[in-house]
> 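Structure in structure tokens, see below.
Below, read A as the first sequence line, B as the second, and so on, with proteins coming before strands; counting in each chain starts at 1.
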Amino acid sequence: MREIMFREALVEALDEEMRRDENVFVLGEDIGQFGGSFKATLGLLEKHGPERIRNTPIAEEAIVGAALGAALVGMRPVAELHFIDFATVAMNQIVNQVAKVRYMFGGKARTSLVIRMHGGGGSSAAAQHSQSLEAWFVHVPGLKVVMPSTPKDAKGLLKSAIRDNDPVIFVEHRALYTVKGPVPEGEYTIPLGAAEVKREGSDATIVATSSMVGKSLQAAEELAKEGISCEVVDPRTLFPLDKETILASVRKTGRLLIAHEAVRRCGWGAEMAAIAGEEAFDYLDAPLVRVCAKETPVPYSPRLERLHIPQKEDVAAGVRRLVGVAR
Amino acid sequence: MREIMFREALVEALDEEMRRDENVFVLGEDIGQFGGSFKATLGLLEKHGPERIRNTPIAEEAIVGAALGAALVGMRPVAELHFIDFATVAMNQIVNQVAKVRYMFGGKARTSLVIRMHGGGGSSAAAQHSQSLEAWFVHVPGLKVVMPSTPKDAKGLLKSAIRDNDPVIFVEHRALYTVKGPVPEGEYTIPLGAAEVKREGSDATIVATSSMVGKSLQAAEELAKEGISCEVVDPRTLFPLDKETILASVRKTGRLLIAHEAVRRCGWGAEMAAIAGEEAFDYLDAPLVRVCAKETPVPYSPRLERLHIPQKEDVAAGVRRLVGVAR
Amino acid sequence: MAKLTRERALWMYETMIRIRRFEERAIEVFQAGELPGFIHPYIGEEAVAAGVCAHLSGKDQITSTHRGHGHMIAKGLGFNGMMAELYARSTGYCKGKGGSLHIADQDLGALGASGIVGGGIPIAAGAALGIKLKGGKEVAVSFFGDGATNIGAFHEGINLAAAWRLPAVFVCENNRYAQSTPQSVHQSIRDIADRAKAYGIPGVIVDGMDAAAVYEVAGEAIGRARGGGGPTLIEAKTFRFWGHYLGDPGTAYGHDREAPKWKKRDPIPALGGLLRKRKWLTAKADEEILARVKGELDAAVEFARKSPPPEPADLMADIYEKAL
Amino acid sequence: MAKLTRERALWMYETMIRIRRFEERAIEVFQAGELPGFIHPYIGEEAVAAGVCAHLSGKDQITSTHRGHGHMIAKGLGFNGMMAELYARSTGYCKGKGGSLHIADQDLGALGASGIVGGGIPIAAGAALGIKLKGGKEVAVSFFGDGATNIGAFHEGINLAAAWRLPAVFVCENNRYAQSTPQSVHQSIRDIADRAKAYGIPGVIVDGMDAAAVYEVAGEAIGRARGGGGPTLIEAKTFRFWGHYLGDPGTAYGHDREAPKWKKRDPIPALGGLLRKRKWLTAKADEEILARVKGELDAAVEFARKSPPPEPADLMADIYEKAL
Ligand SMILES: Cc1ncc(C[n+]2csc(CCOP(=O)(O)OP(=O)(O)O)c2C)c(N)n1
Ligand SMILES: Cc1ncc(C[n+]2csc(CCOP(=O)(O)OP(=O)(O)O)c2C)c(N)n1
Ligand SMILES: [Mg+2]
Ligand SMILES: [Mg+2]
């Protein structure tokens with residue numbers, strides 16, 4: 001299969017969906033000639049013109065509000081907020097309006113919109129440009145939350161998100177944009193709410209999201225050499241959550257490690273841990289382990305940032321702890 | 001001991017702290033002549049004047065930003081945002097500025113400020129005026145999060161929050177404002193980070209926050225008649241969290257129910273559950289139970305809202321499930 | 001400029017009466033303890049909703065506020081669904097899930113009220129964007145208060161609409177107070193219309209107690225928007241006759257002292273006088289309107305009272321398109 | 001009005017050179033791969049920071065932006081701590097935790113840069129409020145770009161400062177682009193100073209390439225603020241000579257085509273010319289300044305390179321006053 005970059009897969013998804021449905025359009029800061037801060041809209045302006053690839057003022061509340069208003073009259077907007085840190089200035093629209101209008105208005109409202117943002121650290125962008133805030137959105141009924149970890153998933157999930165009639169928060173990890181991976185040529189979608197077992201194993205289950213999927217696969221590779229067999233499950237969408245696939249794995253291995261880049265405290269991993277404690281209690285043979293960012297703002301110093309962000313070594317160490325092999 | 005209302009206890013705390021320290025002042029919408037939407041600043045304008053009891057425009061981002069700016073030059077502001085739902089328009093200031101400046105600027109910044117807001121439902125205020133979003137703030141390193149459940153705690157904790165040199169999110173439950181309870185006459189404070197066992201028991205631990213403390217105590221009363229002995233622990237501050245007191249109780253009873261009014265998914269109870277799964281795994285005799293709001297926007301209809309919000313019956317039923325008494 | 005026809009003038013007059021009577025009835029049953037929640041009466045400001053909506057069809061879009069009953073009635077929502085919503089019944093516009101703060105009907109171009117001050121302004125800009133992208137001739141109108149003009153969403157929403165020349169009209173109902181805070185305290189300008197200069201769009205002041213005046217100014221703005229001329233900011237100077245919400249007497253902040261003066265300028269008798277002067281309204285027709293509205297309201301209250309509340313299963317419905 | 005003295009003029013000149021040279025050196029070591037993170041060069045806009053900060057003492061407060069090196073140098077921060085911060089060393093102003101985007105020093109009234117566009121504006125209003133409540137005579141100045149004038153925080157922050165007549169000055173550095181988006185695309189006005197009308201405060205346009213002009217306009221605004229006359233919005237028309245950040249060539253959006261024209265108006269030789277005309281600057285003194293700045297910069301790079309990175313234990317420090 002051909003290999004393309006994560007960001008190229010996103011551009012393809014947008015391009016195909018815009019061709020398929022004239023109601024789809026994109027709005028956000030610097031997505032036009034500039035092609036987006038991380039080039040994830042590159043070339044779309046040339047193909048679809050400035051009416052459908054709309055460069056906005058710096059005004060994230062207006063970007064999301066405008067996307068919602070357009071959706072209400074029948075469009076299918078894809079709003080780009082760039083850094084997930086900037087979602088903080090649009091939370092009212094996302095949480096109080098976008099997520100709630102369908103319910104609040106008794107079911108009639110049309111809210112087919114996607115809000116893209118990129119999270120995560122690793123490039124010394126410091127405390128205001130490196131966060132992982134996806135747990136906030138999972139906490140809000142009315143939103144769906146997607147976090148792809150590969151180019152293939154990115155494309156298939158973004159296409160599904162655009163076609164979905166519910167609002168979807170689509171979180172991309174910055175470090176993934178230039179990662180290459182196999183992506184099928186033709187038309188395909190990946191349903192929201194379907195986890196994928198990225199590697200099979202029998203001793204421990206690693207549930208990992210976004211950037212931590214790759215690191216977990218590397219850790220699993222390493223651990224295999226030590227005779228520890230890890231199953232790596234990527235939920236791909238944090239809500240709706242494919243509990244079935246995840247819990248089946250936990251029941252099989254009896255051990256659960258959760259890995260994400262958000263800080264531990266009230267991160268999504270807490271929810272995953274709680275679900276395991278509620279629904280797989282009798283299958284757990286050891287206390288679960290969370291491998292998450294340290295509870296600090298993201299530091300600028302590469303040395304500190306590397307300690308802040310969970311690394312593949314942390315996953316490996318966590319698994320060893322989990323299976324009772326102290327090294 | 002004299003009994004006063006929760007909101008009166010808050011007014012006393014503000015009044016005393018403003019007398020004690022001239023750097024303390026209050027800003028927010030309609031806190032002046034109007035005395036605040038729930039009368040939790042009533043009478044302060046008369047005592048302290050309009051320079052220190054400042055009625056603001058409707059501009060929550062500016063309210064929090066102004067509080068931070070004033071703190072940075074040495075003041076100790078108490079900002080009122082009213083409904084926690086309105087914090088959504090101030091998240092950038094709260095999360096990216098207030099929580100991070102000390103760290104980001106290398107430790108020098110003075111960030112002694114309190115941000116008050118009231119959460120919770122129960123009065124048909126519908127989806128945009130009834131949320132419980134405290135988990136968001138617990139997820140943000142740099143913030144402290146306080147949730148008092150009684151008038152006495154409200155006063156003692158607010159005084160500590162004002163004297164604290166870190167930013168404190170102070171979440172009051174609307175249904176509590178007019179609840180009366182014993183409050184000591186003289187000066188006292190309650191430290192941040194100290195849970196309180198509100199009722200001792202041996203069969204199960206109920207960790208409950210805010211409005212759920214009272215409901216849990218009622219449920220415990222009822223269950224006592226059935227021969228089930230519940231310990232009710234109120235963390236009082238969600239961060240810093242007094243894990244010691246909570247886990248001691250869990251180790252004693254071997255059973256844990258977590259009750260809060262926020263929706264379950266990625267609520268604070270998930271974190272509590274995860275901590276129990278990590279640190280008290282060997283003591284848990286049964287899967288933990290979370291009693292939380294249903295995963296919906298808060299409905300207007302009183303009938304639906306009553307189903308959305310966890311009630312004392314839900315706590316009681318949860319405990320019965322926990323101890324294996326199906327009724 | 002749109003000349004005020006007899007038909008439109010009578011429509012406005014009846015619409016204003018419908019708003020007034022609906023709210024009076026809602027207040028009555030609220031005070032009798034029949035309604036849950038809160039009510040923010042629009043009484044006194046009826047000329048604004050009527051004067052603006054007189055130019056709108058069902059396909060035009062509006063966003064509204066916590067003080068939204070008037071906008072909804074003027075936009076064509078019926079008493080039954082509205083009253084049932086206040087009563088939290090399953091037959092309400094929002095099936096009892098929204099209540100007074102959130103009445104909406106997408107089919108009638110009523111995109112709903114935001115309970116978050118200013119929240120509807122960017123949404124209206126977005127509706128206007130959607131209209132433009134679809135090549136339609138409709139407009140989107142956003143109503144909001146003086147207090148809302150201080151929040152970020154006001155600024156961002158209007159700037160976006162102006163930069164993109166969207167078919168939007170922004171109507172500020174300046175009733176002199178944001179809850180208890182007088183305009184002079186919450187901003188340092190007198191005329192909110194001046195804020196239009198920040199966006200390079202026309203800003204117009206109009207007497208919000210004069211329906212004909214609002215009609216004229218709104219007609220011009222809406223016509224300009226339909227014609228591709230971009231947005232307008234209209235400031236209608238008005239007054240709410242009641243406190244901020246039912247239960248607020250308005251005494252703490254001087255509202256009660258200002259009220260008598262404004263009540264003398266009640267927009268309904270004012271428009272009635274004009275109609276009679278032009279011989280467009282007879283005493284008999286006037287009575288007929290009142291009787292018709294009263295009859296409809298009696299029926300609506302009856303309808304609401306008899307309607308069932310939502311079923312428990314409804315709690316989990318309508319969160320997503322399909323239950324998850 | 002503050003007359004430009006020889007002392008202030010020379011201070012501005014040297015300050016502008018300090019900014020220019022600091023950034024050139026930072027770019028050099030960045031391009032050599034010695035620095036992590038990102039850099040948004042201020043080069044070309046030096047006259048604004050210098051002209052404004054020429055009126056400020058160490059107790060006055062400023063907030064800054066992602067493009068903040070110039071503001072910090074003009075506010076008195078030293079090369080060593082700044083360069084060490086860029087190098088992510090423990091001797092940096094933020095102990096290596098903030099980096100280019102967040103350089104700050106509370107002791108020098110530098111309340112720091114917000115990486116979130118517009119984020120510093122309400123904070124400056126708050127600093128001004130704190131000053132007022134303490135009865136001080138200081139002012140708070142907020143720097144921000146043209147793009148920032150479209151975000152809610154701009155509106156809310158200035159409205160608050162205006163309503164409360166706070167000792168604040170808002171300085172918009174209109175460099176014609178918000179990242180890649182030309183001003184004509186992101187708003188429909190030409191002069192951002194017009195936005196002052198929305199708050200009932202003075203709005204002034206100044207040539208941001210002319211330090212003496214900035215000095216004059218800023219002096220008036222700061223004097224008014226100190227005197228209790230409330231805030232001013234200053235729009236300085238300027239241009240960044242580099243792309244949005246290092247690595248952006250500016251070619252995608254026409255910046256490169258505009259640049260040559262603006263580079264001819266480089267503010268440093270312009271002020272140098274004025275100084276020489278007034279005989280305030282000799283060729284020798286000029287050389288001395290350059291040599292002094294170069295020497296300091298060599299030392300700062302040396303200092304930074306030799307400084308240790310933060311210790312692992314520093315990761316968990318400074319989150320709260322005491323470790324929790
Ligand atoms: C963001 C936000 N802040 C505060 C409130 C509480 N609140 C509701 S209405 C209101 C006053 C609104 O004033 P104005 O915009 O003038 O409208 P009016 O009530 O006068 O019609 C306030 C402060 C809110 N709903 N949303
Ligand atoms: C709220 C927010 N949105 C977007 C960004 C990304 N961003 C950083 S700088 C910038 C452009 C700022 O333009 P302007 O205010 O004119 O300042 P300039 O860079 O020209 O100095 C953008 C879009 C951000 N940092 N914060
Ligand atoms: Mg008002
Ligand atoms: Mg700019």
Side-chain angles (χ1 to χ4, degrees), chain A residues 61 85-97 99-100 102-104 126-128 131 133 135-142 238-239 241 256 258 262-282 284 286-290 294-297 299-300, chain B residues 61 85-97 99-100 102-104 126-128 131 133 135-142 238-239 241 256 258 262-282 284 286-290 294-297 299-300:
Chain A
E61 169 140 34
D85 315 70
F86 308 161
T88 54
V89 291
M91 289 302 278
N92 169 43
Q93 290 296 332
I94 299 174
V95 171
N96 289 330
Q97 321 292 346
K100 298 189 184 4
R102 180 189 290 277
Y103 192 83
M104 214 161 59
Q128 295 178 335
Q131 292 171 85
L133 300 170
W136 287 359
F137 302 110
V138 182
H139 191 40
V140 178
L238 303 190
F239 191 85
L241 180 67
L256 173 61
I258 303 157
V263 295
R264 170 188 317 248
R265 201 155 85 216
C266 280
W268 175 79
E271 179 61 32
M272 188 61 245
I275 290 171
E278 287 160 347
E279 304 187 28
F281 183 78
D282 295 330
L284 287 178
L288 59 92
V289 171
R290 283 185 285 169
K294 302 294 184 305
E295 295 181 352
T296 79
Y300 166 68
Chain B
E61 168 140 33
D85 314 71
F86 308 160
T88 53
V89 290
M91 288 302 278
N92 169 43
Q93 289 296 332
I94 299 174
V95 171
N96 289 329
Q97 320 293 345
K100 296 187 184 11
R102 180 189 290 276
Y103 193 84
M104 212 159 62
Q128 295 178 335
Q131 293 171 85
L133 300 171
W136 287 359
F137 302 110
V138 183
H139 191 40
V140 179
L238 303 189
F239 190 85
L241 181 66
L256 173 61
I258 303 156
V263 295
R264 170 189 317 250
R265 200 156 86 215
C266 280
W268 174 79
E271 179 61 32
M272 187 62 246
I275 291 172
E278 288 160 346
E279 304 187 27
F281 183 77
D282 295 332
L284 287 177
L288 60 92
V289 171
R290 283 185 286 169
K294 302 294 182 307
E295 295 182 353
T296 79
Y300 167 67

> Report the residues that fulfil ring-ring contact (aromatic ring centres under 6.0 Å, His included) with B:Phe86, sequence neighbours left out, ordered by chain and then residue number.
B:Phe83, B:His129
> Is it the backbone or the side chain of A:Tyr300 that comes under 4.5 Å from a heavy atom of chain B, or both, or neither?
neither
> Identify the heavy atoms of B:Pro297 and A:Tyr103 that sit nearest to each other, and give their distance.
O-CE2, 3.4 Å
> Checking heavy atoms, do the side chain of B:Leu284, its backbone, both or neither come under 4.5 Å from chain A?
both
> Would A:Met91 and A:Asn96 count as a side-chain contact (heavy atoms from CB on, under 4.5 Å) if you check the C-alpha gap in whole Å, the side-chain angles of each, and the deciding distance to 0.1 Å?
CA-CA 8 Å; A:Met91 289 302 278; A:Asn96 289 330; over 6 Å; no
> Go through the atoms of A:Gln93 and report whether side chain, backbone, both or neither lie under 4.5 Å from a heavy atom of chain B.
neither
> Is B:Ala126 in contact with chain A via its backbone, its side chain, both, or neither, using a 4.5 Å heavy-atom distance?
neither
> Pick whichever of A:Val140, A:Leu288, A:Leu238 has the most heavy-atom pairs under 4.5 Å with chain B.
A:Leu288
> Side chain, backbone, both or neither: which part of B:Ala280 has a non-hydrogen atom closer than 4.5 Å to chain A?
neither
> Heavy-atom cut-off 4.5 Å, strictly under: side chain, backbone, both or neither for B:Glu61 against chain A?
side chain
> Give the member of A:Cys266, A:Ala273, A:Ala274, A:Ala270 that has the highest number of heavy-atom pairs under 4.5 Å with chain B.
A:Cys266
> Give the minimum heavy-atom separation between B:Asn92 and A:Val89, together with the two atoms involved.
CB-CG1, 3.4 Å
> Would you call B:Ile94 and B:Trp136 a side-chain contact if the rule is heavy atoms closer than 4.5 Å?
no
> Which heavy-atom pair separates A:Val95 from A:Lys100 by the least distance, and what is that distance?
O-NZ, 3.0 Å
> Who are the salt bridge (charged side-chain N to carboxylate O under 4.0 Å, His left out) partners of B:Arg290, not counting sequence neighbours?
A:Glu271, A:Glu278
> Count the heavy-atom pairs under 4.5 Å between each of A:Gln128, A:Arg102, A:Met104 and chain B, then report the option with the highest count.
A:Gln128
> Which answer fits B:Ile258, side chain, backbone, both or neither, if we ask what part of it has an atom under 4.5 Å from a heavy atom of chain A?
neither
> Given that the side chain runs from C-beta out, which part of A:Ala127 has a heavy atom under 4.5 Å from chain B: side chain, backbone, both or neither?
both
> Taking atom CG of B:Leu133 and atom CG of B:Asp85, what is their separation to the nearest 0.5 Å?
6.5 Å
> Relative to chain B, which segment of A:Ala87 carries a heavy atom at a distance below 4.5 Å: side chain, backbone, both, or neither?
neither
> Examine whether an atom of A:Leu241 lies under 4.5 Å from a heavy atom of chain B, and if so say whether it belongs to the side chain, the backbone or both; otherwise answer neither.
neither
> Working to the nearest 0.5 angstrom, can you tell me the gap between B:Lys294 NZ and B:Arg265 CZ?
14.0 Å
